[in-house]
S.K.: 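Take a look at this one; I'll ask things after.
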Protein chains: 2
Amino acid sequence: MSTVLVVEDDANIARALLVNLRARGYRALHAPDGTRALDLAAHEHPDVILLDLGLPDVSGLTVIRGIRGWSRVPILIVSARQESASKIEALDAGADDYVTKPFAMDELLARLRAALRRGTPEQAEAIVTTADGRLEIDLATKRVRVEGTPISLTPTEWLLVEQFARNPERLLSQTELLHAVWGPEYGRETNYLRVYLSQIRQKLEADGSRPRYFVTELGMGYRFTPSGG
Amino acid sequence: MSTVLVVEDDANIARALLVNLRARGYRALHAPDGTRALDLAAHEHPDVILLDLGLPDVSGLTVIRGIRGWSRVPILIVSARQESASKIEALDAGADDYVTKPFAMDELLARLRAALRRGTPEQAEAIVTTADGRLEIDLATKRVRVEGTPISLTPTEWLLVEQFARNPERLLSQTELLHAVWGPEYGRETNYLRVYLSQIRQKLEADGSRPRYFVTELGMGYRFTPSGG
DNA sequence: GTGTGGTGTCAGGACGGCGTTAAGACGATC
DNA sequence: GATCGTCTTAACGCCGTCCTGACACCACAC
């Protein structure tokens, strides 16, 4: 049985996380602030740590540095969308991965399993590459390369590509993508997606009219298939 | 040790069931009427419920609805042959499966084991696989594989397959499926199901004319049998 | 054997989703 | 205020999906 330390000050989110984790058979501990997080990390030796960046007392960065001083336990960042700068700082400070609030529970659990499986922290997830090596997406530097040469994307194009890169092989519905890129009040504007998918394919696919990486699933959504299948 | 609640007014049948269940190592409770059934279900939290439809006080349907209001414990209907209409009603109300009186004890025990297997939350992996490994249904990425190669399904086909994957070994009535896929106002359009089941079998079964996974239960509904039996 | 109700299969037409293009609206920069 | 790139919106043709109806088939009852 693995022990998960949940560092989260919002009581509702914390409860939801703890309930879900315990239902899946994890031993889940809770720290509502940074001080108690460091304390529990030292005394309970969790197998993985879920860390919210917005804490009341000390910054999430301080917590990461405090733990990395003596332990290489995997740390998953949970952060709001607008905190993207501190997310990168957190990754640089030694965090392993991050999910953006509001997050899908199954996605979080998948990343958690991945972190546990790895055991030893590595930044391998930072660059997503297709099986054929033609396309590279660097999530940390926000850069995309096709056959080695950098491609410039517009902000909206990048946000879309980022969604795909963070969810390889997974079917993303139109509403899901619209929420993630344009905001929660969008959902019916599927024509946006049609236009931008077209542009992205022109830039990143070998043959824009026969997409291999950004595949349409008719009536369901889109899927990024770096594996090639 | 699993707890089984037997709801049965006929004393002879009840005794036979209780003796057989206890001999197999189950903890077996007995409720001779609907009122005590609801009472025991609430206080003892059984792992599975065997429910006779012909009760002296309240109808079996009332019992199902009373339990389904707060619990998802598997419910197996035990009913006489001529009560086929109420059997379908019971399935629509949320029962999981049924056996017809007079029943073979080993068949009942087999269905009971299937219900227990389903009830225990071992769905840590969101991938449902058939016993022979030919068919994989990945609920997280919404992808279906036959012998390793991905198969593309239309939205309606996927919704149906998803229902089956989420309820393996369970008998799903036509109305239940129609409600889940087309919406609550549908219920008589069983021809839809016939067309789509045919398409799904063509795509996913080894021999579309001899289905092994998506089995028809004549007059009752359909059952997904990943175990192969 | 014959009848009946439920089921499986096929094909065609209506419909809506999708990809593409282009033009107008908007905002940033100088 | 002018220019440039980006985002939004509209229009159109294409293609797959959904629904429908017809027919064959099967199990079961008589």
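What you are looking at is a predicted structure, and each value in this text was computed from that prediction instead of being measured. Below, chain A is the first sequence line, B the second, and so on; all start at residue 1.
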S.K.: If you check the A/P155 side chain, which of D/dC7, C/dT7, D/dG21 turns out closest?
M.R.: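 Ranking D/dC7, C/dT7, D/dG21 by closest atom to the A/P155 side chain puts D/dC7 first.
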
S.K.: Would you call the rings of A/F164 and A/Y222 parallel, tilted or perpendicular, where under 30° means parallel and over 60° means perpendicular?
M.R.: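 Perpendicular: the ring planes of A/F164 and A/Y222 meet at over 60°.
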
S.K.: So, is A/Y192 close to the D/dA10 phosphate, meaning a side-chain N or O under 4.0 Å from OP1 or OP2?
M.R.: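 For D/dA10, neither OP1 nor OP2 has a side-chain N or O of A/Y192 closer than 4.0 Å.
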
S.K.: With the side chain of A/Q202 defined as its heavy atoms from C-beta on, choose the nearest nucleotide among C/dT21, C/dC18, C/dG8.
M.R.: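 Nearest to the side chain of A/Q202 among the choices is C/dT21.
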
S.K.: Please report the distance, rounded to the nearest Å, between OH in A/Y222 and P in C/dG17.
M.R.: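 Rounding to the nearest Å, OH of A/Y222 and P of C/dG17 are 12 Å apart.
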
S.K.: Could you check B/R194 against B/Q199 and say which one's nearest nucleotide on DNA chain D is further toward the 5' end?
M.R.: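 That would be B/Q199.
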
S.K.: Report the distance from atom CG of A/L218 to atom P of C/dG17, rounded to the nearest whole Å.
M.R.: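 Rounded to the whole Å, the gap is 11 Å.
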
S.K.: Distance check needed: C/dG19 P versus A/I200 CD1, whole Å only.
M.R.: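 Distance check: A/I200 CD1 to C/dG19 P gives 12 Å.
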
S.K.: With a 3.5 Å distance limit and no angle check, can you tell me whether A/N167 reaches the backbone of A/R170 through a side-chain donor-acceptor pair?
M.R.: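 No, A/N167 side chain to A/R170 backbone: no donor-acceptor pair under 3.5 Å.
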
S.K.: Between D/dC19 atom P and B/L178 atom CG, what is the distance in whole Å?
M.R.: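 The distance from CG of B/L178 to P of D/dC19 comes to 11 Å, rounded to the nearest Å.
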
S.K.: OP1 or OP2 of C/dG19 sitting under 4.0 Å from any side-chain N/O of A/T216?
M.R.: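 Checking A/T216 against C/dG19: at least one side-chain N or O falls below 4.0 Å of OP1 or OP2.
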
S.K.: Under 4.0 Å between a side-chain N/O of B/S198 and OP1 or OP2 of C/dT9, yes or no?
M.R.: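 The answer is yes; a side-chain N or O of B/S198 sits under 4.0 Å from OP1 or OP2.
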
S.K.: Side-chain N or O of B/W182 versus OP1/OP2 of D/dC19: is the shortest distance under 4.0 Å?
M.R.: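 Checking B/W182 against D/dC19: at least one side-chain N or O falls below 4.0 Å of OP1 or OP2.
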
S.K.: Check the distance between D/dG21's P and B/E189's CD and give it to me in whole angstrom.
M.R.: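 Atom-to-atom, B/E189 to D/dG21, this comes out as 12 Å.
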
S.K.: Counting only N and O atoms by type, is there a donor-acceptor contact under 3.5 Å from the side chain of A/E205 to the main-chain atoms of A/Y213?
M.R.: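 Yes.
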
S.K.: Select one nucleotide: of C/dT9, C/dG19, D/dT8, the one nearest the side-chain heavy atoms of A/R201.
M.R.: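 Given the options C/dT9, C/dG19, D/dT8, the side chain of A/R201 is closest to C/dG19.
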
S.K.: Are the ring centres of B/W158 and B/Y196 closer than 6.0 Å?
M.R.: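 Aromatic pair excluded; centres sit 6.0 Å or further apart.
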
S.K.: Indicate whether OP1 or OP2 belonging to D/dC7 is found under 4.0 Å from a side-chain N or O atom of A/T156.
M.R.: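 Looking at the OP1 and OP2 atoms of D/dC7, one of them is under 4.0 Å from a side-chain N or O of A/T156.
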
S.K.: Should A/P226 and A/E169 count as side-chain neighbours, where that means a heavy-atom distance under 4.5 Å?
M.R.: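 Yes. Closest side-chain heavy atoms under 4.5 Å.
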
S.K.: Can you tell me how far C1' of D/dT8 sits from CG of A/L193, to the nearest Å?
M.R.: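 My rounded result for the distance is 13 Å.
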
